[in-house]
Amino acid sequence: MNIVIPAERLAGEHRVAATPDTVKKLVGAGHAVAVEQGAGLAAALPDAAFAAAGATIAERRQEMLAAADIVLAVRMPEAADVAALKPGAVLVGMLAPYQNPLLPQLAAQRVSAFALELLPRTTRAQSMDVLSSQNNIAGYKAVLLAGQFYPRFMPMLMTAAGTVKAAKVLVLGVGVAGLQVIATAKRLGAVVEAYDVRPATREQVESLGAKFVEMPMTDEEKAASGGVYAREMSAEFLARQNELLAKRAAAADIVISTALIPGKPAPRLLSADAVAAMKPGSVIVDLAAEAGGNCELTRPGEAWLSDNGVHLVGLANLPAMLAADASSLYARNLHTFLGLLLGEGGLTLDLDDELVAATLVTHQGEQRFGAVARPAEAANHD
Ligand code: NAD
């Protein structure tokens, strides 16, 4: 197979979808690998390292893509890139399936495209789970960013000049990112409390030495709050939740929010009033900024200081700020996923495999995910 790795084009996207380590394995298995010139540089992986692992370094992107059987990407490539692909080519990456305007083009081009965000959260999928590997990094980086804006120490310090109090950190949303936020903030000496709509997270929060923020819920609400993923809650529930979280935020020094619902806008957990009641010098890092933000005042892609002295950090794509480790974990996820597609006889797409079926968004001219429902179907889904 001819496997290619284009350089990422999105501003600030410093990750790359393969490393010399994964390239070596692919070449060892008999594949030809081409890496676009400079693709790994921002992730501390120069062309020479890829060449030493057996890759060819491609200077012409379009030619490289036109010859590809399999394209490994971090983000969805641009329309011109898709246009270069041959029918039957496979594309694997984080293709943003819920908001990808190029899915019809991928289908028309007869590309078999895999959006790895759609992997089910099962034990078998764990080693390919790009959301986990990347959100773990985002959680770690969010704490470091908070420390950068916070005008005080995080740990408690006793010095000859007096005692400094430990920072109080409030974590909203305890998925993979939130758990790493808790662990990292604890390592830096902060006092941590955390909240999630899924009551099942209490045990995980407490096992990391943090306090769980309790929100009284009816049995109905408990059932609605979901299993592995949270679901959208009623407006009345969200209003009660906002009231509780506003009080906890006013007592905190740092709030790091990570609450997300797949394919939906991020739940609003902190209103402008809640920010107005926070202490000057407090920091909010909103990891949900790109999905609309957990805080009403978050500006996606920006960090700004409110009138009452609260730093609002909505910087995007935190995993790309740790591009070397993010790429190495991501590349391993992709390599493991490719193992599902590459058998002895070359490429085989087994649609009976639940991991293949769940992630395959376009195949043989058909858009399998997110296609606009026909009127009869739409009526059934109301
Ligand atoms: P995510 O990024 O989708 O969401 C982050 C968190 O926000 C979730 O815990 C969610 O419950 C929470 N949230 C949503 N709405 C909220 C609200 N209104 N208020 C407060 N919190 C809210 O989460 P994730 O990191 O993808 O993890 C989701 C779940 O999947 C977790 O239980 C995680 O442990 C599990 N998981 C399982 C596997 C596996 O078994 N292979 C792999 C990864 C994650």
Side-chain angles (χ1 to χ4, degrees), residues 135-136 138-157 163-217 221-222 225-226 230 233 237-260 266-271 273-288 293-298 310-313 318:
N135 285 347
N136 189 21
Y140 167 79
K141 188 68 188 177
V143 181
L144 300 192
L145 270 181
Q148 194 174 320
F149 285 91
Y150 185 52
R152 302 176 201 277
F153 277 109
M154 283 229 205
M156 195 264 271
L157 286 182
T163 300
V164 173
K165 275 203 254 170
K168 286 189 191 155
V169 174
L170 170 66
V171 185
L172 304 179
V174 189
V176 174
L179 287 170
Q180 186 54 255
V181 169
I182 298 173
T184 307
K186 291 287 293 181
R187 276 184 224 122
L188 283 175
V191 174
V192 184
E193 62 177 8
Y195 169 75
D196 197 290
V197 72
R198 291 179 299 123
T201 55
R202 170 196 273 276
E203 214 180 292
Q204 292 167 308
V205 168
E206 290 177 348
S207 74
L208 289 171
K211 190 173 157 231
F212 188 71
V213 175
E214 185 79 55
M215 156 107 181
M217 283 167 111
E221 284 167 348
K222 277 186 194 153
S225 64
M233 303 299 281
F237 176 87
L238 289 175
R240 266 193 292 135
Q241 194 181 49
N242 283 11
E243 201 179 314
L244 169 78
L245 296 182
K247 283 196 195 128
R248 300 318 308 153
D253 299 301
I254 294 171
V255 179
I256 300 182
S257 71
T258 74
L260 288 169
R268 270 290 146 78
L269 304 177
L270 290 176
S271 63
D273 286 347
V275 177
M278 288 176 70
K279 294 179 277 194
S282 311
V283 180
I284 300 174
V285 177
D286 193 339
L287 274 185
N294 294 139
C295 172
E296 190 181 347
L297 297 186
T298 296
V310 177
H311 294 273
L312 288 126
V313 184
L318 271 52

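Predicted model, so just to flag it, every value in this text is computed and none were measured. Start at 1 with the first residue, then count along the sequence.
- Minimum interatomic distance between Tyr140 and Gln180 (heavy atoms only, all atoms of both residues): N-CG, 3.6 Å.
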request  = Apply the test side chain to side chain contact (heavy atoms under 4.5 Å, CB included) to residues Val181 and Val171: give CA-CA distance (whole Å), side-chain angles for both, the deciding distance (0.1 Å), then the verdict.
outcome  = CA-CA 7 Å; Val181 169; Val171 185; 3.7 Å; yes

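- The shortest distance between side-chain heavy atoms of Phe237 and Met217 falls below 4.5 Å.
- Taking 4.5 Å as the limit, some side-chain heavy atom of Val143 sits within range of a side-chain heavy atom of Met154.
- Among residues two or more places apart in sequence or in another chain, the salt bridge (Lys or Arg N to Asp or Glu O under 4.0 Å) test is passed with Glu243 by none.
- Summarising the geometry of Ala252 relative to Ser282, their closest heavy-atom pair is O-OG, 4.0 Å, with the distance given to 0.1 Å.
- Contact between Val197 and Tyr195 at its shortest, heavy atoms only, is CA-OH, 3.8 Å.
- The side-chain heavy atoms of Leu208 and Ile182, taken from C-beta on, include a pair separated by under 4.5 Å.
- Contact detail for Val174 and Thr258: the closest heavy-atom pair is N-OG1, 4.3 Å.
- Considering only residues two or more places apart in sequence or on other chains, Asn135 meets the side-chain hydrogen bond (donor to acceptor under 3.5 Å, both in side chains) condition with none of them.
- Contact annotation: the side chain of Ile254 never approaches that of Phe149 to less than 4.5 Å [non-hydrogen atoms, C-beta and beyond].
- Scanning both residues, Ala266 and Gly293, for their nearest heavy atoms gives CB-O, 3.8 Å.
- Within the 4.5 Å cutoff, the side chain of Val213 has heavy atoms near those of the Leu170 side chain.
- Using a 4.5 Å heavy-atom cutoff, the side chains of Val255 and Met278 are in contact.
- Counting heavy atoms from C-beta outward, Gln241 and Met233 have side chains that stay 4.5 Å or more apart.
- Applying the side-chain hydrogen bond (donor to acceptor under 3.5 Å, both in side chains) criterion to Gln204, with sequence neighbours excluded, gives no partner residue.
- Pairing each heavy atom of Leu145 with each of Val313, the nearest pair is CD1-CG1, 4.3 Å.
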